[in-house]
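Remarks on the structure that follows.
Start at 1 and go down the list; that is how both ligands and their atoms are numbered.
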Amino acid sequence: MSDLHSLTVAQILEGLQTGAFSSRELTQAYLARIQAHNPRLNAYLYVDVDGALTAAQAADERRSQAGDPARLPPLLGLPIAVKDVLAVAGMPATCGSRILEGFVPSYNATAVQRLLDAGVVILGKTNTDEFAMGSSTENSAYDITRNPWDEQRVPGGSSGGSAAAVAAGLAPVALGTDTGGSVRQPAAFCGLSGLKTSYGRVSRYGLIAYGSSLDTIGVLARSAQDAALVLNIMAGYDPRDATTLEQAAPDIHLNGNATLKGLRIGVPGEYFIDGLQAEVEQAVRAAIAQLETLGAEVRPVSLPHTEYALPVYYIIAPAEASANLARFDGVRYGLRAEQDNLIEMFKHSRGQGFGPEVKRRIMIGTYALSAGYYDAYYGQAQKVRTLIRDDFARAFEQVDLIAAPATPSSAFPIGAHAEDPIQMYLEDVFTLPANLAGVPGLCIPAGFDSQGLPLGLQLLGPHFSEERLLAAAHAYQQVSDHHTRRPVLA
Ligand code: GLN
């Protein structure tokens, strides 16, 4: 088969089961494509050629020796890519930062371990903005990632490497993380289905922390169905993450039944603001109309504190980051700048190891937490965060889901926001509120703009409503084909 790289996870699992191809053939096809295109796209920072082939071979042997195929691990032989903020034992974990240069974790993140137990083959680690701080993957210390739809544009971020890999056919599916939009925004920019999970759904053990009260692990996939297949495996209670809940393990089966009869969808006026690209609004409204023809009841809804989400996030996330990143001091792992005394060693290691955006956030966060300013900034931001969470709670008394744009525009050109951090922060206006509230979100392809760039629709739901989100998206994907389009690579 020449087009193995364009199959969905669902198609791959079927093909492996029927013997249409082996995991080794599949893995080889991906590795060949990575070799051909990754030097340009830079979606992967690390590719585990030998490990992937060995794992694929072992998966094939296990399958051929199994008596009862129903007893095989559910994702046996499926290749995946992992964002480089997640620990995979034996592979470098850089978080896109010089400060972690040379760090190789000896353990797997829980989400990764569960996927490995389910039989996946890990192709490698994908590029990210440094410590997941950014919206374009331009903040990586290891070079930018290019958008496969237009290589002069960014893939979004911070999970831009994962998004570019899946869009370009360098992986069928990839893990990302979403602290303020980092799964949904790159999904929108790369024409993918990107699931941000509820806070507490997927263990954060082994996710190198950015903003601990906001960080979530998610999936970048070619369809809602593929995202569900991965979510089912990686979610659930984990004694190593006290914020995961007992009821977190889902068992989602999306069937072909494409009716949304009785589903109430709210459209928040606050998300249709000045500066929203007209084509984004058109695509989002057209997608909502299509959900309506599938049986959904669409009505307006209000999230009145939406405008405060951005300033609140950019206090809370840097505050948490400044504390989380204090551990990187050159002592135990990563970069060390040798100096005559300890304090100088700390200073130089951190000075050389962190890039400019990370330093900016550490300074903002330290300031917001400092005595005398704590109440005015951090304390105040926490109060407004509660108002934002209450907005969602009230809205979800009236509707089952919320539909909105995911991003203000399609993918922007490389360098467009390089000189202006505020412009970069504004990329996240529509995605940050869900993280502040802890609710799940899903971005799905809803069309293309006049330049041929993908446009996304964002669906938001109450806590632990992933199944409802994915089922609505699946119904939409039964009657639309935006998600099946692939970029033509140079
Ligand atoms: N762009 C946002 C930030 O820089 C969100 C990033 C993320 O979700 N990791 O903080």
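- Between His417 and Phe412, the distance separating the two ring centers is shorter than 6.0 angstrom.
- With respect to the salt-bridge test (charged N to carboxylate O, under 4.0 angstrom), the residues Asp84 and Lys125 qualify.
- Judged purely by distance below 3.5 Å, without hydrogens or angles, the side chains of Thr145 and Asn127 pair a donor atom with an acceptor atom.
- In this view, Pro454 and Trp149, Phe448 satisfy the side-chain contact (heavy atoms from CB on, under 4.5 Å) rule, not counting sequence neighbours.
- Across Arg184, Arg204, Lys196, a single residue satisfies salt bridge (charged side-chain N to carboxylate O under 4.0 Å, His left out) together with Asp178, and that is Arg184.
- Closer than 4.0 angstrom to ligand 1 by heavy atom are Ala132, Met133, Gly134, Ser135, Ser158, Asp178, Thr179, Gly180, Gly181, Ser182, Tyr210, Tyr313, Tyr314, Arg361, Asp428, sorted by chain and number.
- Ion pairing between Arg350 and Asp329 fails under the 4.0 Å rule for side-chain N and carboxylate O.
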